[in-house]
Every structure is written in structure tokens, then in C-alpha cells.
Amino acid sequence: MKKAEYKKIVKRHTPKEERLKNSIIAFIVGGFLGVIGHFLLELYSAAFNVSSASASALMIVTLIFLGCLLTGLGFFDEWVHFSKAGLFIPITGFAHAMMSATLEYKKEGMVTGIGANMFKLAGSVIIFGVVSAFTFCLIRVTLGCFI
Amino acid sequence: MIYLNAFLFCGFICLIGQIILDNTKLTAGHITTMFVVIGALLDSMSIYDRFILWAGGGAMVPITSFGHLLSHAAMASYNDNGMIGLLSGLFDLTATGITSAIIISFFMSLIFKPNN
């Protein structure tokens, strides 16, 4: 069998994902989370009379808390399966990644389980974030010296 | 009006993520990592602050905001303390998110049990 024919057969048998439907769901769910984020931001800055930086930090803490709580209760996995990028691109995805890794390795004990594996999924976000932020800032600073 | 902007901005970022997820073999981990790097890049060119002015909280919710906060804190600390500020101040703004995520997920893991 030639390679091209084989590829055709593989293509015919791979399940067709409903890309349009997935995209629309991700757009709506993600947008809705953005609206919740802005609503919380305005609520906190009005209710507690704090600066916008503190209000945004509180908003992020609230979303992380909700993400962890819903993952712990067991709803979040189904929701992520349903809306995919709509939930893992916002900060709730970060909370979900940490919480599910922590729960998964809980049975291996406190230190070797929870302690060692908490950042198993979310660690790449922090590591690449730090490396790229440092590199880009260094480039900007060096360019700023010459220009 | 800013609520509409927040909806459009956050939804658009998730839409890009979903399109990448559907059409390539990259996993969710690859995409979130990529978006953090993009956020850091956009902030080092001072573009991301305009998104926040335009979309408010909608621009702070996606994971790109994490990269933005890392870069933003590093640049602010550089302006105050010079070269060593890049290292000492990198986590200034993201510390809230990381610390709260660690503490919350630790204590919640003591309460909840994994479901399959």
C-alpha cells in the first residue's frame, strides 16, 4: 500500500471534530469569563475601595479559588471537556492544572506526592513565562542603552 | 461598553487557542505556554497595556496576562533598582496568583478526594 493511500484511509477513519461548534463554544465561554472578570474587578474596587492593582489581584484570586473548588468538587473536568480552550486559556485553566495534579498524586504521600507533583502541569507556564519575560526585558533594556 | 470589549477580547483569545488546538497536534499545555510567551513579548513592547485600557478585566483573565504581569513587574523593578531589579522584581505582580494557587490547591487537596 502506498503512503498516500494509507493517509487517505487514516483521514477517513479519524473522527471528525466539529471545529466550528468548538470554536463558537470556546468564544462564548471565554468571553463570558472575561465579563465575569471585569464585573469582579469593578465590584471589588467599588466595595472595598482599593486601588485597581489590588482589585485585579483579588479578582485573580477569586477565579483561582473558583477553579480549584470546582475541580475538587469534580465538575470542572467535564466543563473543560465541553468548552476546551474557553476554560483552559483563562486563569481558571492554571488553577485546574495545579489542582488536578495535586489531587492525582495525593495518594503518593505529602512530600513525594503533593509536594513534588503540584507543578507537574502548571510548571511549564511559570518556567517559560519567567524565561521569556527575562529575555524580552533584557533585550529591551539592552536596546534602550544603544538607542 | 467595556463589558462588550471584555467579552470580545477574552473570547477572541480563547477562539485563537481553540483553532490552534483543533488544527494542530499541540496539546493544551503547549498552547497555554505559548500564550504566556506571547503575553510577555507584547508587554515588553508596551502593547499589552493598551489592551487592558481597552478591555479592562477581560484582558486580565486570559493566561497572556500572566506573561504581561511578569514582564511588567521586571521592567518596573528595572526602572527602580537597575540591572538587579530584573531578577528581584520579576515575581512582584504575579506572586499573588502563584501563592494563592499553591495555598488554595494544597488545602483543597486535603479536603477533596480524586474522582477517577
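Any value given below was found using the heavy atoms of this structure, including those in side chains, with hydrogens, waters and symmetry copies removed. Chain identifiers are assigned alphabetically (A, B, ...) following the order of the sequence lines, protein sequences preceding nucleic acid strands; residue numbering begins at 1 within each chain.
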Ignoring hydrogens and angles, tell me if any N or O in the side chain of [X] forms a donor-acceptor pair with the backbone of [Y] under 3.5 Å.
X        : Y       : answer
B/Thr24  : B/Leu21 : no
B/Asp43  : B/Gly39 : no
A/Lys84  : B/Gln18 : no
B/Ser77  : B/Ala73 : no
B/Ser100 : B/Gly97 : yes

So which part of [X] gets closer than 4.5 Å to some heavy atom of chain B, the side chain, the backbone, both or neither?
X        : value
A/Met118 : side chain
A/Val130 : both
A/Leu121 : neither
A/Ile126 : both
A/Ser100 : neither
A/Leu87  : neither

Are the side chains of [X] and [Y] in touch, meaning some heavy atoms are under 4.5 Å apart?
X        : Y        : answer
A/Glu108 : A/Asn117 : yes
A/Phe136 : B/Val37  : yes
A/Ile64  : A/Thr92  : no
B/Leu110 : A/Met110 : yes
A/Met99  : B/Ile104 : no

Exercise for the section: Mind checking the CD1-OG1 spacing from B/Ile20 to B/Thr27? Nearest 0.5 Å is all I need. Expected result: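 It comes to 12.0 Å.
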What residue in [options] has the most heavy-atom pairs under 4.5 Å with chain B?
options                            : answer
A/Leu138, A/Val131, A/Leu73        : A/Leu73
A/Thr135, A/Leu69, A/Ile114        : A/Leu69
A/Ser23, A/Ala97, A/Ser56, A/Ala57 : A/Ser23

Problem - Interface residues of residues 33-48 of chain A facing chain B - non-hydrogen atoms under 4.5 Å apart - result: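 Listed by number, the contacting residues are A/Leu33, A/Gly34, A/Val35, A/Gly37, A/His38, A/Phe39, A/Leu41, A/Glu42.
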Practice task
Measure across B/Val36 and B/Phe66 and return the closest heavy-atom pair with its distance rounded to 0.1 Å.
Solution key: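 Looking at all heavy atoms of both residues, the shortest contact is CG1-CD2, 4.2 Å.
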Exercise for the section: Quick one: closest heavy-atom pair of B/Ile31 and B/Gly17, and the distance? Expected result: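 Between these two residues, the closest heavy atoms are CD1-O, 3.7 Å.
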For chain A, the option from [options] that forms the most heavy-atom pairs under 4.5 Å:
options                            : answer
B/Lys113, B/Met60, B/His72         : B/Met60
B/Leu69, B/Ile19, B/Ile102         : B/Ile102
B/Thr64, B/Leu86, B/Ile16, B/Thr99 : B/Leu86
B/Asn5, B/Ile13, B/Thr33, B/Thr96  : B/Thr33

Using heavy-atom distances under 4.5 Å, tell me whether [X] contacts chain A through its side chain, its backbone, both, or neither.
X        : answer
B/Met34  : neither
B/Phe35  : side chain
B/Leu90  : side chain
B/Ala55  : backbone
B/Ile103 : neither

Practice task
Examine the side chains of B/Ser46 and A/Arg140 and answer whether a donor and an acceptor come within less than 3.5 Å of each other.
Solution key: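 Yes, a side-chain donor-acceptor pair sits under 3.5 Å.
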Exercise for the section: Kindly say whether the aromatic ring centers of B/Phe9 and B/Phe51 come within a distance under 6.0 Å. Expected result: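 They qualify: ring centres under 6.0 Å apart.
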